[in-house]
Colleague: 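What follows is a single structure, and I will ask about it in a moment.
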Amino acid sequence: MLAADGLVKRFHSRTGPITAVDHISIAVAAGEVLAFLGPNGAGKTTTIKMVAGLIRPDQGRVVVDGVDVTGRPALAASRLGAVLEGSRNLYWRLTCLENLIYWGTLRRLTPAVARQRAGELLRMVDLEDRQHNSVQTLSRGMQQKLALCQALMHRPQLVLLDEPTLGLDFASAEAIKATVRQLGTEGVAILLTTHQMDVAQQLADRLAIIRAGQLVLTGRTEEVLTRYSRPVWRVTAGEAFSAGQLAAARTLGWPLEQPTPKDLLVTPPEDDPAAIYRLLDVLRPAAIRLVERHQADLAEVFQQVVSGGGEAL
Amino acid sequence: MSSLLVAEWRRMVIDLVRYPLETVSMMVVMFAVFAGMFFGAHYLTAAPISGPNLSGVVIGYTVWTLVMNASGFMGYSIQNETQNGTLEQVMLAPWHTVQIFLVRGVMDILEMLLPVLVVLAALIALSGAKLDWRLLAAVPALMTIITAWGIGLMMAALALLFKRMNQLQLMIQFALLFVIIAPVATIAGAWGHVLGVLAPLSVQVSVLHATLAAAGHGASATLWWEAAADMVLWFVAGYWLLTAADHLARQRGIIGHY
Ligand SMILES: Nc1ncnc2c1ncn2[C@@H]1O[C@H](COP(=O)(O)OP(=O)(O)OP(=O)(O)O)[C@@H](O)[C@H]1O
Ligand SMILES: [Mg+2]
């Protein structure tokens, strides 16, 4: 649905030229959610705006649903919807319903169709009872939900979300996440940026991490998490392990740590599926509460990739 | 194009109805101004309230305010949207930037013209005055507005690139006032004449005056052609400039920056 190839964008600031985006290629298929991550100033917003046609790339090209964004901007624009970072995306003096009808009609719906679609979307995000309130009277979370509805009025096949859950409370963030998932199942391609790694981990089918304008990691979310997981097992007991149990565990000859008296971190040989049973055997009769293999979460991966070398692609 | 017109029309109507105090106070001010013209002349000169002078003043004033709006509104709209953070969404709509802001300019003129007509009708009914005007005068009036839209597109181009330009806008509008009041089109000498013709608005206003002059035989064919050519020139220049500014703003990544 989206194919961006070799995007480059340089800006001229007072301190000299900055390469905000340096040869970035990303693709998002229909029904797929791609989380586009990176520290502040990495070039996420610049990339999103290039995809939307609001910034013209110096090099490279963006194709949305087979339409070249630079070549046929109006046609490409009719196939995508965006909630942009920070900007309010809505007219504050108009009501929720009036806003949705305006943005829908501006994108070529008839007012009647726009009204119907607006009703549908307001119902979906639970803002029906607010439809006649002006946007300035809504809370931040409600505004953000409405901004998302605004982007969906014309049923775009590609949706761009720049930090959609920034500053939202739990319930509002959940509502946005639920909507994103729903869109995914309807076959909409979604490109989102966020600094909230849990949000990305929950929503994304695929990840792209950029640093200083360059892609440093891409891949399917589970694959990336697995790749960054270490073969370390944590065994947690109800009370401190005894000296005898500890000594017995050491006889196995595997790397072992005891971060707290009740926790053991053990790295058994990866090719031995029975290893963990042998460990539990020697620990008998400790009151084991929990046995788990280390599973990287996205925050750890991000930390490593962004601060460490990562694997430049 | 029609859905763009519908969208902007609806937004204008909502705005008029949503803030009745703004709409009503605007009409009260207009009423006061026009009433001053209708009755003021009468008290000063004891002449009957009507005649070509009154028509000239009323129509001249109306066209003048429309010109101010047509030349200023699009730039103002861009500054406003930039400040409110909605410009990027507007520029994401499936229309050429010029189309969008031109339609907004048209709606702004309608928003202004409709109350003017209501107020004038009320005053004519109240005073029993008669306005001397001809349907034909609508043509040079429209030509004047279209020329002013050309300038409006240029101001929009500047607003897109420079964001804050209130002072500049005031200066340009002052220059327009000068061009309209001074009979630039009648400057002597061939080059002076060319210059006068190239200056925006003054030729169109000359045609308007000639058409309105009761005893006159209207504007000469040459003047009409000059007015038309001048209108096309300024409108196309505005169109071109805003298109170029749009391109440059996307190039520099400054759409929506404030
Ligand atoms: N119009 C512009 N002119 C000059 N420099 C710009 C412009 N837009 C962005 N930049 C610079 O480009 C770089 C990338 O900015 P961008 O906004 O894309 O980062 P980001 O990844 O979205 O960051 P954040 O997480 O803070 O939103 C930054 O160094 C920024 O200062
Ligand atoms: Mg950003």
Colleague: To the nearest 0.5 Å, what is the distance between CH2 on B:Trp95 and CZ on A:Arg108?
Modeller: 4.0 Å
Colleague: May I ask you to name which of A:Arg10, A:Met50, A:Arg93, A:His154 has the most heavy-atom pairs under 4.5 Å with chain B?
Modeller: A:Arg93
Colleague: Pick one of side chain, backbone, both or neither for A:Tyr102, based on which atoms fall under 4.5 Å of a heavy atom in chain B.
Modeller: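 Answer is both: backbone and side chain atoms of A:Tyr102 are under 4.5 Å from chain B.
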Colleague: Do any N or O atoms from the side chain of A:Arg107 and from the backbone of B:Ala93 form a donor-acceptor pair under 3.5 angstrom?
Modeller: no
Colleague: Heavy-atom distances under 4.5 Å only: say whether B:His96 touches chain A with side chain, backbone, both or neither.
Modeller: neither
Colleague: If every non-hydrogen atom of A:Ala52 is compared with every non-hydrogen atom of B:Leu92, which pair is closest and at what distance?
Modeller: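 Reported closest heavy-atom pair: O-CD2, 3.5 Å.
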Colleague: For B:Gln89 and A:Trp103, indicate whether the former's side chain and the latter's backbone hold a donor-acceptor pair under 3.5 Å.
Modeller: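 No, because the side chain of B:Gln89 does not come within donor-acceptor range (under 3.5 Å) of the backbone of A:Trp103.
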Colleague: Select one option (side chain, backbone, both, neither) describing which atoms of B:Ile14 are under 4.5 Å from chain A's heavy atoms.
Modeller: side chain
Colleague: Step by step, would you call A:Trp92 with B:Asn84 a side chain to side chain contact (heavy atoms under 4.5 Å, CB included)?
Modeller: CA-CA 9 Å; A:Trp92 273 27; B:Asn84 296 339; over 6 Å; no
Colleague: Does the pair B:Leu4 and A:Leu106 meet the rule for a side chain to side chain contact (heavy atoms under 4.5 Å, CB included), with working shown?
Modeller: CA-CA 5 Å; B:Leu4 176 57; A:Leu106 191 64; 3.4 Å; yes
Colleague: Given heavy-atom pairs under 4.5 angstrom as the criterion, report whether the side chain, backbone, both or neither of B:Arg10 touches chain A.
Modeller: side chain
Colleague: Can we say B:Glu88 and A:Lys49 salt-bridge, meaning some charged N sits less than 4.0 Å from an Asp/Glu carboxylate O?
Modeller: yes
Colleague: For chain A, which residues from residues 102-119 of chain B lie under 4.5 Å away (heavy-atom distances)?
Modeller: B:Arg104
